[in-house]
Engineer: 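Here it is, the structure, as structure tokens.
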Amino acid sequence: MNQPRRGQGSMLNFTKMHGLGNDFMVVDAISQPFRLRPETIRELADRHFGIGFDQLLVVEPPGLPDVDFRYRIFNSDGSEVEQCGNGARCFARFVRDQRLTNKKVIRVQTAKGVIELRVGRGGMVTVDMGVPELNPPAIPFAADRRKDVYTVEVGGEIVELSAVSMGNPHGVLVVDDVDTAPVGELGPRLENHPRFPARANIGFLQIVDRTHARLRVFERGSGETMACGSGACAAVVAGCLRGLLDNRVDVELKGGHLVIEWQGEGSPVMMEGPTSSVFEGQLRLPGDQPPRRRRSTRQGDTRPGHQRQQNRHRQPVTSKP
Ligand SMILES: N[C@@H](CCC[C@H](N)C(=O)O)C(=O)O
């Protein structure tokens with residue numbers, strides 16, 4: 001199935017999934033050889049010339065004992081990152097759908113530690129996202145000492161934000177109304193702010209009441225997405241630290257709702273939400289060839305994204321929160 005013909009790249013099977021509209025290309029790198037360069041990931045992520053996704057998720061064999069899989073994450077800009085909460089839920093569903101495991105509690109190794117995924121009914125998955133990191137150097141965030149709220153100068157303006165790592169770095173701003181928040185302007189400036197040396201995901205949090213919040217996230221390496229699971233966890237941690245939220249919060253994102261629970265410092269953050277599997281596909285990869293200039297598919301273009309058309313479309317399978 002995965003055999004290349006001489007002179008052609010290999011065929012790669014993938015699944016398109018999403019968690020609340022935060023969408024993924026998911027690849028089983030246990031059953032097939034897999035290696036992509038950042039420029040190929042960018043091409044595949046392109047919503048016009050490629051498959052289109054916010055993140056690429058890769059399932060690999062674990063490198064640790066007592067762990068089921070290794071979970072690797074690449075943003076649509078090709079950068080490899082440490083964590084993806086919506087992706088973690090889809091990962092759990094994927095490894096079961098593909099019969100890579102039949103466990104209901106799956107332990108997964110990420111770049112920043114082990115997370116646990118619990119598969120529930122109707123595509124719902126609960127993820128133990130681990131203990132949030134608030135120590136500035138570990139986030140990483142430039143500050144003399146740890147605070148719940150920092151002031152940051154951006155473009156001559158002072159903004160207040162909380163800095164939290166959920167394995168990946170987040171800055172969280174509290175706003176009056178997410179609909180009018182300057183996500184497109186402040187998001188990219190804060191993502192690349194020198195006080196976040198590894199860049200950051202920037203959340204705009206609106207407190208509705210102590211158990212309800214609304215959130216938009218400008219993601220590092222992907223731009224604003226329909227939802228960000230680790231962003232929702234970071235936002236609830238920030239809201240709790242500021243005394244604005246209770247321990248269990250319904251977070252409304254553009255693509256739907258997540259339930260986030262945090263019992264306070266030293267406790268892990270729990271995230272519960274839906275998963276959706278959209279279609280399975282196969283694409284021809286050009287191997288290690290440098291990216292080619294665009295040609296028409298009729299001329300036999302081997303660019304990834306132009307030869308993915310052998311999709312075995314299925315009925316979308318979507319779970320409700
Ligand atoms: N969408 C994700 C986060 C993906 C990674 C992020 N863009 C980063 O660079 O850290 C989620 O659901 O958590």
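Every number for a ligand or one of its atoms is a count from 1 in the order of the listing. By convention here, the first residue in the shown sequence is residue 1. These values consider heavy atoms only, across backbone and side chains, with no hydrogens, waters or symmetry-generated copies. Source: prediction; values computed, not measured.
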Engineer: Check whether the side chains of R93 and S277 place a donor and an acceptor atom closer than 3.5 Å, and report yes or no.
Structural biologist: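 Not at all, the side chains of R93 and S277 share no donor-acceptor pair under 3.5 Å.
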
Engineer: Once side-chain contact (heavy atoms from CB on, under 4.5 Å) is applied, do any residues pair with D246, and if so which ones, sequence neighbours excluded?
Structural biologist: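 Here the qualifying residues are R210, T211.
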
Engineer: Quick one, list the residues around ligand 1 where some non-hydrogen atom comes in under 4.0 Å, by chain and residue number.
Structural biologist: N22, Q55, N75, V81, Q83, C84, G85, N86, N168, N201, E219, R220, C228, G229, S230

Engineer: Kindly state each residue pair satisfying ring pair (Phe, Tyr, Trp, His ring centres under 6.0 Å) with at least one member in residues 172-228, sequence neighbours excluded.
Structural biologist: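 The answer is F141-F196.
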
Engineer: I'd like to know if D28 pairs up with R99 as an ion pair, taking the criterion as any Lys NZ or Arg NE/NH1/NH2 lying under 4.0 Å from an Asp or Glu carboxylate oxygen.
Structural biologist: no

Engineer: For a quick check under 3.5 Å, do Q83 and T110 share a side-chain donor-acceptor pair by atom type?
Structural biologist: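 Side-chain D/A pair, Q83 to T110: absent.
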
Engineer: Mind checking who shares a hydrophobic cluster with V67, ILVMFWY linked at side-chain heavy-atom distances under 4.5 Å?
Structural biologist: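 Other cluster members: L64, V114.
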
